[in-house]
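To start, the structure itself, in structure tokens.
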Amino acid sequence: MDEVIRRRRVYGADHDAPDPGPQPGHDYRELVGGPLDGLLLDVTGWTEGQLAEGALLDTEIGRYGPGGRAEYGPRSGSRQLWDWRGDTP
């Protein structure tokens with residue numbers, strides 16, 4: 001695993017976790033833009049359909065505050081990057 005990726009925090013990891021970074025043997029996508037910019041999303045075990053669709057991720061720091069979600073989906077031409085599509089209540 002690339003050293004830069006190993007130092008990144010995974011979406012959903014506790015802020016006080018001893019190792020909030022990626023784990024060996026897992027598959028990740030980098031979130032780009034929006035409130036979760038720079039985090040990694042663990043997509044281990046996701047189907048090709050789920051990967052193509054993207055995800056709505058809970059976040060308190062988006063436009064709608066607590067209870068809001070940020071939508072991310074695959075960037076055309078990149079397997080590793082998921083771009084922010086907007087926030088939703």
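Below, all heavy atoms of this structure are taken into account, side chains as well, without hydrogens, waters or symmetry copies.
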Check for a donor-acceptor pair, side chain of [X] on one end and backbone N or O of [Y] on the other, with a separation under 3.5 Å.
X	Y	answer
Arg8	Pro22	no
Tyr72	Gly33	yes
Asp87	Gly62	no

Taking all non-hydrogen atoms of both residues, which atom of [X] and which atom of [Y] are closest, and how far apart?
X	Y	result
Leu56	Thr88	CD2-CG2, 3.8 Å
Asp83	Arg75	OD1-NH2, 2.7 Å
Trp46	Gly54	CZ3-O, 4.2 Å
Ala70	Leu36	CB-CD1, 4.3 Å

Could you state whether Leu51 and Tyr28 fall into the same hydrophobic cluster, counting links through intermediate Ile, Leu, Val, Met, Phe, Trp or Tyr residues with side-chain heavy atoms under 4.5 angstrom apart?
->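 In one cluster with Leu51: Tyr28, no.
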Leu39-Trp84 co-clustered via ILVMFWY side chain contacts under 4.5 Å =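 They do share one cluster, since a chain of ILVMFWY contacts under 4.5 Å joins Leu39 to Trp84.
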Taking atom CD of Glu53 as the centre, does the number of heavy atoms from other residues, nucleotides or ligands within less than 6.0 Å exceed 12?
-> no
Neighbour count above 12 (heavy atom, 6.0 Å) for Arg63 CZ = no
Could you check if a side-chain atom of Asp58 sits within less than 4.5 angstrom of a side-chain atom of Arg69, using non-hydrogen atoms only?
->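 With C-beta onward as the side chain, the pair touches.
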Pick from Leu41, Val43, Leu40: which one makes a side chain to side chain contact (heavy atoms under 4.5 Å, CB included) with Asp27?
-> Val43
